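The structure displayed is predicted, hence computed values, not measured ones. Values reported hereafter were calculated over all heavy atoms of this structure, with side chains retained and with hydrogens, waters and symmetry mates removed. Chain letters run A, B, ... following the sequence lines, proteins first and then strands; every chain starts at 1.
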Number of protein chains: 2
Amino acid sequence: MYTYKEITGQGEQLQKTLEIVENLNLEIGNVDQVLFTGCGTSYYIAASAAKYFQTVTGVFASAIPASELFLHTSSCIVPGKKYLIVAISRSGTTSEILIALDHLKGHANLSTMAITCNGDTPMATAADKVIALDHISEKSVVMTQSFSNMLYGLQVFAATQVNSTHNLNELKQVPQLVADALTKEDLTKVVAEDLTKTRIIFLGSGSYNGIAKEATLKLKEMTQTECESYSNLEFRHGPISIVDETTVVILMTQLETADYDQALVKDIQKLGGRVLTIGPTPEGFEADHIINLTDEISDLNRHGIYVPYLQLLAYQRAIHLGYNPDKPRNLTQVVKLS
Amino acid sequence: MYTYKEITGQGEQLQKTLEIVENLNLEIGNVDQVLFTGCGTSYYIAASAAKYFQTVTGVFASAIPASELFLHTSSCIVPGKKYLIVAISRSGTTSEILIALDHLKGHANLSTMAITCNGDTPMATAADKVIALDHISEKSVVMTQSFSNMLYGLQVFAATQVNSTHNLNELKQVPQLVADALTKEDLTKVVAEDLTKTRIIFLGSGSYNGIAKEATLKLKEMTQTECESYSNLEFRHGPISIVDETTVVILMTQLETADYDQALVKDIQKLGGRVLTIGPTPEGFEADHIINLTDEISDLNRHGIYVPYLQLLAYQRAIHLGYNPDKPRNLTQVVKLS
């Protein structure tokens with residue numbers, strides 16, 4: 001199974017990604033807004049990376065699906081403002097990314113950067129700057145280590161823009177922490193292999209919401225299980241109406257959100273749902289299952305450690321259902337528009 | 001059924017909303033970014049309103065779940081930038097909105113505006129400016145005409161900021177166009193009452209994505225049907241793997257997206273899914289069911305006309321399933337955190 005190796009080999013690859021991005025000169029200069037863009041998994045990288053970038057650099061940042069950059073340009077680009085477009089694509093050949101870059105070519109006040117796992121592609125050629133993570137070479141259709149490495153690469157990119165020693169020091173601990181965390185992979189099996197639970201909800205807030213969206217997509221791609229994602233407290237505002245005994249909620253906790261998360265766990269349990277938390281939790285925190293992650297580094301830099309658990313959960317459920325995680329139904333590695 | 005009357009009475013109410021907002025002095029002055037915020041349905045209003053506001057005024061605008069404004073303030077607010085926070089709440093009593101406004105009180109460079117269907121509430125008192133739509137008084141738990149009226153009110157607010165005669169003239173046609181459109185309500189029944197379709201996907205791009213999210217929430221709240229939403233072309237990047245004979249896709253078309261939408265319809269049909277389009281479509285456009293909306297006004301201002309169809313679809317399915325749309329499972333009118 002390529003997919004399994006690709007999920008569990010992430011720690012080592014992150015170390016290489018760190019070295020590559022640290023050694024590039026990616027000074028972006030003065031811009032009014034950075035737009036992170038991609039499709040599918042790469043769009044979810046964009047969602048987390050944009051929140052991270054704005055928090056760390058103080059420059060406005062936003063995430064846009066690549067298709068909207070050319071279909072609805074006027075809703076994305078304000079005339080007269082200076083932009084950096086960060087295009088994200090594992091293959092570097094995604095149609096919408098190429099159409100968007102071509103559409104924006106020659107636009108005044110706009111420069112482009114690409115991040116990809118294939119530096120020798122049309123996207124890399126079209127962009128002004130490139131982060132090429134050529135050491136990531138996934139055979140699986142679904143994106144796993146390419147997700148974590150491109151997100152991590154963009155975090156390092158953000159921290160180096162403002163020479164944020166604090167954030168860089170924390171980010172440098174992530175590869176080892178990911179490798180350590182992966183020794184506890186049995187913890188997700190209890191949820192993954194319980195087929196009486198037919199509806200799975202992923203909750204993550206702030207810069208973790210992109211990861212919740214990606215966890216949902218991974219599970220959907222590999223198993224076609226009914227699943228969805230929300231910002232943690234948004235779940236109470238309507239979607240909670242679907243919770244019953246067939247529902248499991250996977251809640252990404254952060255130090256910043258622990259008190260509110262605890263109350264949410266209880267509300268979900270009252271309706272018959274079960275809750276697995278992933279993240280650091282204070283002593284005495286209660287849920288049906290708890291994967292307690294390190295609080296050695298701050299919420300802002302801990303993303304990479306959650307990701308493999310969420311990918312493993314999808315993989316384990318696929319195996320348990322007798323599906324082939326390497327070749328999911330109805331999907332290809334790259335989407336090309338005809 | 002309150003809900004039915006509240007859905008079908010929208011045209012008349014929009015006319016009153018127009019008059020109220022036009023007669024308020026809501027000059028916002030110089031700000032660097034406008035943050036639209038709310039919870040659940042109100043957050044989906046925020047998502048559409050932010051795209052609309054930025055497009056029409058050229059001022060950066062973004063949507064944030066109200067909970068994230070106080071849980072992850074540093075990811076929403078850049079120190080030193082000037083903000084207008086637009087708080088959206090039907091009741092004006094939503095806990096997260098009140099906590100967020102209190103949390104941000106006294107923050108330098110920040111002013112606030114509330115839009116609500118109840119002008120005599122803590123939220124309205126806490127905000128610097130208020131759009132009070134007191135003529136909207138829903139008895140139903142789920143939000144229907146409050147969604148369309150608050151979104152429409154914020155569109156009028158945006159257009160008046162920059163004295164955009166073109167957009168105001170188009171917006172002024174919306175109340176009558178909504179009333180006209182509602183004569184074709186049988187068109188959604190063919191999808192709503194087909195119980196062999198157990199999975200419903202709503203697609204909308206750009207400023208219509210918030211409406212797709214709201215359509216999903218409405219159907220989920222009223223019927224607990226499995227449903228989700230995406231930006232149109234994002235659907236191919238993974239989620240399309242779930243399409244089979246049990247799937248219906250409700251695709252919101254726009255003049256700007258017609259060619260790409262047509263190709264997407266065919267890809268969904270190839271996998272066994274059915275497609276209902278809502279929106280203007282060029283002659284010769286093919287789908288399983290087509291609700292052809294007027295192209296008299298531009299994509300930018302047509303939102304209000306789609307909304308009642310999406311709400312009716314949820315209502316009709318609830319009735320067909322024998323549920324009471326006025327009192328959905330597990331929900332209350334207002335979410336209050338204990």
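- Listed here is the closest heavy atom pair of Gly206(A) and Glu68(B): N-OE2, 2.9 Å.
- Contacts of Glu256(B) with chain A are made by both backbone and side-chain atoms, with heavy-atom separations under 4.5 Å.
- With a 4.5 angstrom heavy-atom cutoff, Leu271(A) touches chain B only via side-chain atoms.
- Contact annotation for residues 207-224 of chain B against chain A (heavy-atom separation below 4.5 Å, listed by residue number): Leu217(B), Lys220(B), Glu221(B), Gln224(B).
- Inter-residue side-chain proximity for Leu71(B) and Leu233(A) is flagged as met; some heavy-atom pair is nearer than 4.5 Å.
- The residue among Asn232(B), Thr257(B), Ile77(B) with the most heavy atom pairs within less than 4.5 Å of chain A is Thr257(B).
- Looking at Glu96(B), only its side chain comes within 4.5 Å of chain A, counting heavy atoms on both sides.
- Chain A forms the most heavy-atom pairs under 4.5 Å with one residue out of Val141(B), Ile64(B), Asp32(B), and that residue is Asp32(B).
- A distance of 7.0 Å separates CG of Leu300(A) from OG of Ser74(B), quoted to the nearest 0.5 Å.
- Using a 4.5 Å cut-off between heavy atoms, Ile99(B) contacts chain A through its side chain alone, with no backbone atom that close.
- Between Glu226(B) and Arg199(A) the shortest side-chain heavy-atom distance does not fall below 4.5 Å.
- With a 4.5 Å cut-off on non-hydrogen atoms, Pro239(A) touches chain B through its backbone and its side chain both.
- There is no contact between Ser42(A) and chain B, counting heavy-atom distances below 4.5 Å.
- Using a 4.5 Å cut-off between non-hydrogen atoms, the part of residues 47-55 of chain A that approaches chain B consists of Lys51(A), Gln54(A), Thr55(A).
- For the residue pair Glu234(B) and Ser67(A), no side-chain donor N or O sits within less than 3.5 Å of a side-chain acceptor on the partner.
- When each of Tyr260(B), Tyr230(B), Tyr43(B) is checked for heavy-atom pairs under 4.5 Å with chain A, Tyr260(B) comes out on top.
- Considering CZ of Arg236(B) and OG of Ser95(A), their distance stands at 9.0 Å, rounded to 0.5 Å.
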Check your understanding: Given the rule in the side chain to side chain contact (heavy atoms under 4.5 Å, CB included) test, do Glu228(A) and Glu228(B) qualify, once you have shown the distances and angles that lead to the verdict?
Key -> CA-CA 7 Å; Glu228(A) 29 185 328; Glu228(B) 28 185 328; 5.7 Å; no

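- Heavy atoms of Pro328(B) lying under 4.5 Å from chain A are absent altogether.
- A donor atom on one side chain and an acceptor atom on the other are not found under 3.5 Å apart for His237(A) and Thr41(B).
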